Amino acid sequence: VGADPVMLDLADVMVESAVGVMPVPLGVATGVLIDGRTVDVPLAVEEPSVVAALSYAGRLLRAGGGIHTWASDPVMTAQVFVSQAGRRGIEVLESRRDEIASVVDSRLGSLVARGGGFRDLDILALPRTGLLRLHLHVDVRDAMGANVLNTATEALRSHLEEWTGGRVLMCILSNSARRRSAGAEFAVPLTSLRAEGLGRRELAERIVLASDLAQEDADRAVTHNKGIMNGISSLALATGNDTRAVEAAAHAWAARDGLYRGLSQYRLEGEELSGRLEMPLPVATVGGAVSVHPAARLALAVLGHPNATELSRIAVAVGLVQNFAALRALVSEGIQKGHMHHHAARLAFQVGARGAEIQRVVEGLTAAGTYSLDAAGLLLSRERQEHRG
Ligand code: MEV
């Protein structure tokens, strides 16, 4: 794939041995009402229907006042593991709490002035390995936290070894992000729900049943949560965030009590269907690719330049709406219906249709109800003959 030389330079400064860039479509879902503000949501994703589903369901939920969100402070946790710390290790380190806090803060640069910094410390002796585990909880403000925390905890290494007489095995951020969460909920009147062949109440009951199912059956829960992450990961990618970090945190949270469960839940009360999602959401608006990638900067501009906490609130709302869209379709007409148009368009592209030809081949495939490369090829050559004639 040919690429802009600036993008090739960017690729080179982002990773080693870059040979090009991998373009992924960037779409914008429009009209999602979040905390009283209409938000246009940039999504970078290769999967059809994700962008359209968010716009569609977002509009549907406007009837209930849209999505209401909340978030914790952006606190991330770094882990330091110390071996051979001796039986008094915990006591010794507890007594050095203030010194630990000031070493960490001293490495955080301007973060402390901006309201971030060391928040808490807990120490545990791990019974199996005998390692001492320090958890350092730090408010990382608008950063994702990996760089700042890894630097700050590495600065602690020699102090910890001196104080305990032990050896530091490793210092690293924990991707569980349990203290950095965001939540979203909506309540929509049944009168605004609609699906082919189903009454409004029946549709709502089937959505609630689907949500209960995801609490009971782990194999279904994985797919339920994948639907949530369709929205969240696409927004994370569009804004230059670390999608693997966001996903690791989400799936670990889904399994927090030993059984992997759906992250969202729905209820039907009176004449209203409500949905709720709360989960860790470690997203950043500064640092890493977020600060250097032009598409990420554009995506943040489309969102109105949110800070990291605001972005996490948008992300959790997007996850909930995406999930609602998937459940609504699954328990009514099924999801394939919406997918066939995209499938037809890709067949058209694959056989060489370009520009306006794509739509004409799609129309032909849809009218015939036959979705194959052969049929698309035939339609394209007919289209070109007619055009020439
Ligand atoms: C497809 O990418 C996502 C869904 O499978 C989600 C779900 O099943 O809830 C439709």
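As the structure lists them, so they are numbered: ligands from 1, and atoms in each ligand from 1. The figures here come from the full heavy-atom set of this structure, side chains too, leaving out hydrogens, waters and symmetry mates. Keep in mind that what you see is a predicted model, and the values were worked out from it rather than measured.
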Kindly state each residue pair satisfying ring-ring contact (aromatic ring centres under 6.0 Å, His included) with at least one member in residues 162-183, sequence neighbours excluded.
H159-W163
Listed once per pair and sorted, the ring-ring contact (aromatic ring centres under 6.0 Å, His included) pairs that draw on residues 191-249, sequence neighbours left out
none
Neighbour count >12 (heavy atoms, 6.0 Å) for atom CZ, R62:
yes
Start with the C-alpha distance between R276 and L320, add both sets of side-chain angles, then the distance that settles side chain to side chain contact (heavy atoms under 4.5 Å, CB included), and finish with yes or no.
CA-CA 7 Å; R276 188 175 199 280; L320 181 61; 5.8 Å; no
At less than 4.0 angstrom from any atom of ligand 1, which residues have a non-hydrogen atom? List them by chain and residue number.
E47, R220, T223, H224, K226, G227, N230, A326, L330, I335
Enumerate donor-acceptor pairs with a distance under 3.5 Å from any side-chain N or O in residues 207-220 to protein atoms, sequence neighbours excluded.
residue	atom	partner	partner atom	Å
S211	OG	Y266	N	3.0
Q215	NE2	G262	O	3.0
D217	OD2	R220	N	2.9

CZ of R167: more than 12 outside heavy atoms within 6.0 angstrom?
no
